[in-house]
Amino acid sequence: MTAPHPETWLEVRPKGLYCKPGQFYVDPAWPVERAVVTHGHADHARPNNRAVLATPETLAIMRARYRETAGGALEPLAYGEKREVNGVTVSFAPAGHVLGSAQAVLEYKGSRVVISGDYKRREDPTCAPFEPVPCDVFVTEATFGLPVFRHPPSEGEVAKLLDSRRLFPERTHVVGVYALGKAQRVIALLRRAGYDRPIWIHGALQQLCDLYRDQGVELGELRAATAANKAEMAGKIVLAPPSAIADRWARRLADPVTAMASGWMRVRQRAKQRGVELPLIISDHADWDELTQTLEDVGAPEVWVTHGSEEALVHYAGQRGFRARALALIGRGEEEQEAGAPAPDAAAAGELFAR
Amino acid sequence: MSMPGFAHLLDRLLYTPQRNGKLRLLADHFRAAPDPARGWALAALTGTLDLKTAKPALVRELTAQRVDPVLFGWSYDYVGDLAETVALIWPERPGANRAPDLGEVVEGLNAATRREVPELLERWLDALDATGRWGLLKLITGGLRVGVSARLAKTALAEFGGRDVAEIEELWHGLAPPYESLFAWLEGRGPVPALDAAAAFRPLMLANPLEDQEVAQLQVLDYCAEWKWDGIRVQLVGRDGQRRLFSRTGDDIGGAFPDVVAAMAHEAVLDGELLVVRDGQVAPFNDLQQRLGRKTVTAKMLADYPAHVRVYDLLFEGTEDLRELPFVERRRRLEAWMARTKPDRMDLSELLDFETLDELKALRESARENAIEGLMLKRADSPYLAGRPKGPWYKWKRDALLLDCVLMYAQRGHGKRSSFYSDFTFGAWRRADDGSNELVPVGKAYFGFTDQELKLLDKWVRDHTVERYGPVRAVEAGLVLEIAFDAVHPSTRHKSGLAMRFPRVHRIRWDKPAHEADRVETLERLVERPVEAAAR
C-alpha cells in the first residue's frame, strides 16, 4: 500500500491548517478543540483553545502572556518526543526562531509532513538551532521570500549600534524590539559583543526576559527604564516595543537615537518611512538564502509556502524541480500586495511589527 | 577609506534627520578617512566630483545576467528604487576581489573606456557588500540624495578644522578634488591653500524669505528695496584680463552667454541678475530658459533671446575688496563705476522710493502687473557676507496665483515616496470641438501637501484609478486640487498651450465638485505680458 498523499489528510480551513485524521489544527487563527502550536508569537499561539500541544517552553510563554486564557489542557511535548493523536504521530523539531519554537512533524500511514512554523538558520544564543527533517511535504514560511532580503551577519549590526553610541555619547540609544525573542536575542548579542553595562528595558519586556532567564538564557544586568530620569539616560542602551518609541513614553529619554531591530530594515525607504534613524537588520526569520538552502537541506519533493512573498519562493522552488504551491492561510503575515505597488500601509506599518 | 566606509557614511547620513547628527557623522568621517579618499568623498557630497557616470540601463543589464528576471521584477516592485534593488539582489561571490577604495573607483572610472566600464562595475559589485554596492550605484548613477547640502558638508569641514565656514567658502572655488591641501591646512599641517586663479568665484550673499509674521516688525527705514527680477543670479568676474561668468553655485556659464562675456571689459567683480531683455523690455523667464544649459549657442539664439545683466552689487573694484563696506557705500561705488565704464548689456538695478511700510506693501502688490517676482530688501549697513545670514537681506515675494484644477494622472514618487502616488498631473476645463466640456492638463505638482495628506491622496488615487499606462494611473475626474503658482507662460509642451511656473498643491478641495473647477480661459488671462525694463 502506498502512503496517502498529504493533500488527502491536510487541508486549509477558515481557522487554519487542519489535520483531518488527527482532528487538530496547527497554529489556528481562532480558538479550536485541539491545537498544535509551533511557537509563542501571537499570530501562531492564540488563547482559549480547549487543548494545546506544544513544547514546554512555548507553553510557559503562553501561560505568561495569556494567564487563565492560555487554553484548557496544556500538554507539553519536548523536542524529539512523540505523541499519538487519533492515529497521527506528532513530534517537534527545533525551528531556531525563538525560545521553544518548533517545527511540527506529522506522520500518518507512512507519509510525513513538516510544518516549519517560523524559522531561521543562523545561530542564536537564546534558542536551539533549526534541524532539517526529511519529509514528503515541507510547509515553509516565506516572510522574507524575495531575493532582496539577505540579512547581514548580526555581529556587524550590533557593532553599528555600539559605534553609534561612541559617536553620540550624550544621547540615549533606544532599540525597537519585539517582546518575545528579538528583545532577548539583541541583549544576548550585545553581551557577546562585550557590552557589559546594564541594559534598560521597557516594562512590557520584563516578563519575557524573566522567563528566558528562568529557562537558563543568560542576559546580564537589566534595569527598568520606567524608573529612570532623563539625565541618567544619556549614553544608555534602552530596549522597548516599537509602539512605545513613537509615544510619550520615549520623552523620558535623552535626545534618543531611534534604532529598530528587524529584517524589514533591509529596505531603506521602508525604514525611513518608519522614522528610524539607526536600522539594525536583525531578524528571527529566514532570509532568502536561508529559505532556499532549507528547501535543499530538507529535500522534500513537494513544498507548500505560507505567509510572506509566497509567489517568489514558489517560482524559485518550481525552477529547482520541487513541486511547489502557495498555501493561503489567513490571519498571518501581510496581505497580497497590489501588483507593482507595495501597499504603504500594509507594507510599512503592519508588517514591521506584526510578528 | 574604502568604498564600503564611504557607503556606510552615506547610509548613516540618509537616516539621520538632525543637522547636528549629520555634522557629527561628517566630521567623524573626515577624521577617520585618509587622503585622498576623504577628499573624493567631500567632492561627491558637494557635487564637485567629475565622474563618468553609468546609465541605469547598464546596471539593469548587468543584473539581468545574474538574476532571474521574474524574481528581479517582483523585487524591484517591492523596493521601488533601482540602485537599492540591485544592491540587495546582487548575488555575492565571497572572496571574489578586494573591495575598492573610493579613489580607485573615481580614477578607475575616469580612466576606463566606455567598453571597459561594465566589466569594472561588475568586478566592484562582486567585491562589495550590500551597503557598499548601494553606495557605488548611487555614486555612479548620479544623485546621492542623502540630505546633505554642499553648505552642510563645508560646515562639517569647518567644525573638523576649527575654522569659520566663511573661510572655507572663500577658498572653495579655487580648489579642486581631492582637496589634499585643504585637509592639510585644516589639520594644521599646511599653509592656507593659495587661490590659484585670481578670477575665482566668490561665495554669494543670499536672502531669506520674509515671513508674513515678520512684516509688521520690519524696521523699513533701515532697508533699501529693489525689484526681485525673475532671472538667474550671476557673478561677473574680470581680473587680470580673465573674464568669467558664474552661476550662483559657482559654475562657469560663460559658454552659453558669449554676448554677456563680450561685454565684460572690466576689472571688477559684479553681482547681478541675468535676464533676456528685448528693446528695453524684460522677457518672461521662459525666454531665458532657452539659453540655459547650453554648451554653445547659435547666432539665431543670440538674436532671438538677447541676454542682459541687471547689476546690483560691486564686490571688487580692481583688486580692492569692497565686501566689508556697508551696502549703501558699495552701492555708491557701483553707481559711480557704472556711470564711468558704461558697460554694454548691463544696467543698474533701480533702488525703489518709499517712506513707510504701507508704501513698501503697495510696491510689492504692484509687482504683479510688472512681471516681477517681488521685492528684495537689503539693510543699508549690511556688509557682503557669504551664505544666508538671517536679517540683513530679505526676499519678499508677491503672493502666489491660485487655480482650482482637477486631478487627472498620478505617478509614484522616488526615494522616501517610492511607494506613494505623489506626482500629480492636473487639468482645467475647456470646450471641446464637439461642444462638450473636456479636461486638459495644465501642470504637474510634487509637493505642497503634508505626509498625512499624501497618504490620503495616495489612497484616493488607488481607489479611483480608471486606467493604467505603465507606471502612470489615470483617475476619474473627481478630486479638485487648489494649485498655487508664481506665473504662467505660453508653452508648446502642454496640450493647453500654457505652462505654470513653480506649481504646488496649495489645498486639497475634498469638498468641491470637479465640474466647478476652473477653466483654461481663466488661466490664459493670467499670462504675463512683457514689460518695460524700468516700468514704474
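Here is how names work: the chains are called A, B, and so on, in the same order as the sequence lines, proteins then strands, and each is numbered from 1.
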Margin query: Looking at every non-hydrogen atom in both residues, tell me the closest pair between Tyr15(B) and Glu277(A) and how far apart they are.
Written below: CB-O, 3.1 Å

Check: Tell me, side chain or backbone of Thr258(A) under 4.5 Å from chain B's heavy atoms, or both, or neither?
Finding: neither

Checklist line | For Ser75(B) against Leu146(A), the heavy-atom pair lying closest together | finding: OG-CD2, 3.9 Å

Notebook entry, point to check: For Trp134(B), is it the side chain, the backbone, both or neither that has a heavy atom under 4.5 Å from a heavy atom of chain A?
Noted result: side chain

Next item on the list: May I ask you to name which of Thr85(B), Asp68(B), Leu25(B) has the most heavy-atom pairs under 4.5 Å with chain A?
Entry: Asp68(B)

Check: What class does the angle between the rings of His315(A) and Trp74(B) fall in, given that below 30° is parallel, 30 to 60° is tilted and above 60° is perpendicular?
Finding: perpendicular

Notebook entry, point to check: Any side-chain donor paired with an acceptor under 3.5 Å for Asp81(B) and Gln269(A)?
Noted result: no

Notebook entry, point to check: How far apart are the closest heavy atoms of Arg24(B) and Leu167(A), and which atoms are they?
Noted result: NH1-O, 2.6 Å

Notebook entry, point to check: Between Arg171(A) and chain B, which part of the residue has a heavy atom less than 4.5 Å away: side chain, backbone, both or neither?
Noted result: side chain

Next item on the list: Output yes when Arg166(A) and Asp28(B) qualify as a salt bridge under the 4.0 Å nitrogen-oxygen rule, no when they do not.
Entry: yes

Next item on the list: Flag the pair Leu278(A) / Arg12(B) as yes when at least one side-chain heavy-atom distance between them is below 4.5 Å, and no otherwise.
Entry: yes

Notebook entry, point to check: Is there a donor-acceptor contact under 3.5 Å from the side chain of Glu84(B) to the main chain of Arg268(A)?
Noted result: yes

Check: Considering only heavy atoms, which portion of Val276(A) lies under 4.5 Å from any heavy atom of chain B: side chain, backbone, both, or neither?
Finding: backbone

Margin query: On a heavy-atom basis, which atom in Arg150(A) and which in Ile89(B) lie closest, and how many Å separate them?
Written below: NH1-O, 3.1 Å

Notebook entry, point to check: From Leu71(B) CG over to Trp288(A) CH2, what is the distance, rounded to the nearest 0.5 angstrom?
Noted result: 5.0 Å

Notebook entry, point to check: With a 4.5 angstrom heavy-atom cut-off, which part of Asp255(A) approaches chain B: side chain, backbone, both or neither?
Noted result: side chain

Margin query: So which residue, Val86(B), Asp129(B), Asp11(B), ends up with the most heavy-atom pairs under 4.5 Å with chain A?
Written below: Asp11(B)

